[in-house]
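Just below is one structure, and these are the notes that go with it.
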Amino acid sequence: MKQNSPELRLPVRNFSLQLSPTPRGARLARLLATEQLRSWGVPLDPARQVVAELSNNATTHGRTPGRDFRLLLYVAAGTLRIEVTDTRADRLPTARPGLGLLLVDALADRWGVTLGLPPRKTVWAEFDLVPKPESACSGGTGALLQGPQG
C-alpha cells in the first residue's frame with residue numbers, strides 16, 4: 001500500500017453518546033452534534049438537520065421506556081456518517097417513508113437501516129465531504145434495510 005495514499009493522511013474522527021429517548025434527548029443530540037461537527041471543521045448543514053430528524057424519529061418511533069438511543073458520528077476517508085440506534089427493531093421504516101425520511105433522502109448522499117443485535121436497529125446517513133465530479137447534486141439512494149455490518 002502506498003504511504004502517500006490520501007486515505008492514510010486523513011484523520012478518522014468519531015463521537016458517540018447515549019441519550020434518553022425524550023424530546024430533550026433529541027434536542028441535546030442535535031446541539032451536541034452541531035458542536036462536535038463545528039470542532040471538526042465539518043459543514044454543519046445539512047448534517048445537523050439529519051441528526052435532528054433521526055434523533056426525533058428514535059424518540060418518537062423507536063422509543064422503549066428505560067432504554068436509551070445512541071448517536072454516533074464519524075468521519076473517515078472524506079465521508080461523514082451519522083448513525084442513530086434505538087431498541088425497536090420491530091418498527092422499521094416502511095416502504096413509504098414519512099416526511100422526515102423524505103427529508104433525509106433529499107439531504108444525504110446515502111442512507112439506510114441496518115439491523116443490529118436484537119432488539120436494535122440503526123438508521124444511518126452519509127455525506128460525501130469532498131464532492132465527486134460525477135455527482136451534480138445531492139440526493140439519497142436510500143435503502144430501507146441492509147444486512148448486518150461487518
Side-chain angles (χ1 to χ4, degrees), residues 5-94 97-132 135 138-150:
S5 172
E7 290 82 22
L8 294 177
R9 288 182 287 161
L10 295 172
V12 174
R13 299 179 177 112
N14 66 67
F15 173 76
S16 177
L17 58 121
Q18 284 189 220
L19 296 155
S20 64
T22 62
R24 183 172 188 242
R27 186 173 55 250
L28 193 56
R30 180 182 50 83
L31 293 171
L32 293 173
T34 298
E35 288 309 309
Q36 189 61 55
L37 294 171
R38 183 176 286 128
S39 77
W40 290 342
V42 173
L44 300 180
D45 289 316
R48 70 175 154 191
Q49 294 168 316
V50 169
V51 168
E53 183 56 41
L54 296 182
S55 298
N56 186 56
N57 285 352
T59 63
T60 304
H61 306 293
R63 182 170 197 250
T64 301
R67 293 185 179 169
D68 294 341
F69 75 94
R70 185 187 76 201
L71 169 68
L72 172 67
L73 308 174
Y74 64 89
V75 176
T79 299
L80 167 64
R81 185 170 173 113
I82 299 166
E83 295 184 359
V84 175
T85 302
D86 65 48
T87 55
R88 290 299 303 264
D90 61 317
R91 298 190 77 184
L92 296 173
T94 63
L99 180 60
L101 287 178
L102 289 176
L103 177 69
V104 171
D105 188 58
L107 295 175
D109 293 307
R110 293 164 298 284
W111 73 276
V113 179
T114 304
L115 293 176
L117 294 173
R120 295 172 189 87
K121 76 170 177 299
T122 298
V123 182
W124 56 268
E126 291 182 339
F127 295 91
D128 296 325
L129 299 177
V130 180
K132 291 185 169 80
S135 286
S138 179
T141 54
L144 289 176
L145 184 61
Q146 293 191 354
Q149 296 177 3

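Heads up: numbering here begins at 1 and tracks the sequence.
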Heavy-atom side-chain proximity of W111 to D105 below 4.5 angstrom: yes

Begin with the C-alpha distance, continue with both residues' side-chain angles, and end with the deciding distance and a verdict on side chain to side chain contact (heavy atoms under 4.5 Å, CB included) for L115 and L92. CA-CA 9 Å; L115 293 176; L92 296 173; 3.7 Å; yes

Where do L32 and L71 land on the side chain to side chain contact (heavy atoms under 4.5 Å, CB included) test, with the steps shown first? CA-CA 10 Å; L32 293 173; L71 169 68; 5.9 Å; no

A side-chain contact here means heavy atoms from C-beta on lying under 4.5 Å apart; do R88 and T64 qualify? yes

May I ask you to test the F127-I82 pair for a side-chain heavy-atom distance under 4.5 Å? yes

Side chain to side chain contact (heavy atoms under 4.5 Å, CB included) between R110 and W124, worked out: CA-CA 8 Å; R110 293 164 298 284; W124 56 268; 3.9 Å; yes

Could you give the distance from CG (L37) to CZ (R13), rounded to the nearest 0.5 Å? 10.5 Å

If every non-hydrogen atom of P21 is compared with every non-hydrogen atom of F69, which pair is closest and at what distance? CA-CD2, 4.0 Å

Which heavy atom of G25 sits nearest a heavy atom of L19, and at what distance? O-CD1, 3.6 Å

Can you find a pair of side-chain heavy atoms, one from V51 and one from L73, that are under 4.5 Å apart? yes

Look at D86 together with K121 and state whether they make a salt bridge at an N to O cut-off of under 4.0 Å. yes

Closest non-hydrogen contact found for A29 with S55 is CB-OG, 3.4 Å

Is T59 reaching over with its side chain to a backbone N or O of N56, donor-acceptor style, under 3.5 angstrom? yes

When you measure from the side chain of R70 to the backbone N and O of T85, does any donor-acceptor pair fall under 3.5 Å? no

Roughly how far apart are R48 CZ and E35 CD, rounded to 0.5 Å? 9.5 Å

Side chain to side chain contact (heavy atoms under 4.5 Å, CB included) assessment of T34 paired with R38: CA-CA 6 Å; T34 298; R38 183 176 286 128; 4.0 Å; yes

Any donor-acceptor pair under 3.5 Å from D68 side chain to Q18 backbone: no

Compare all side-chain heavy atoms of N57 with those of V84 and state whether any distance is below 4.5 angstrom. no

Any idea which heavy atoms bring L129 and P43 closest together, and the distance? CD2-CD, 4.4 Å

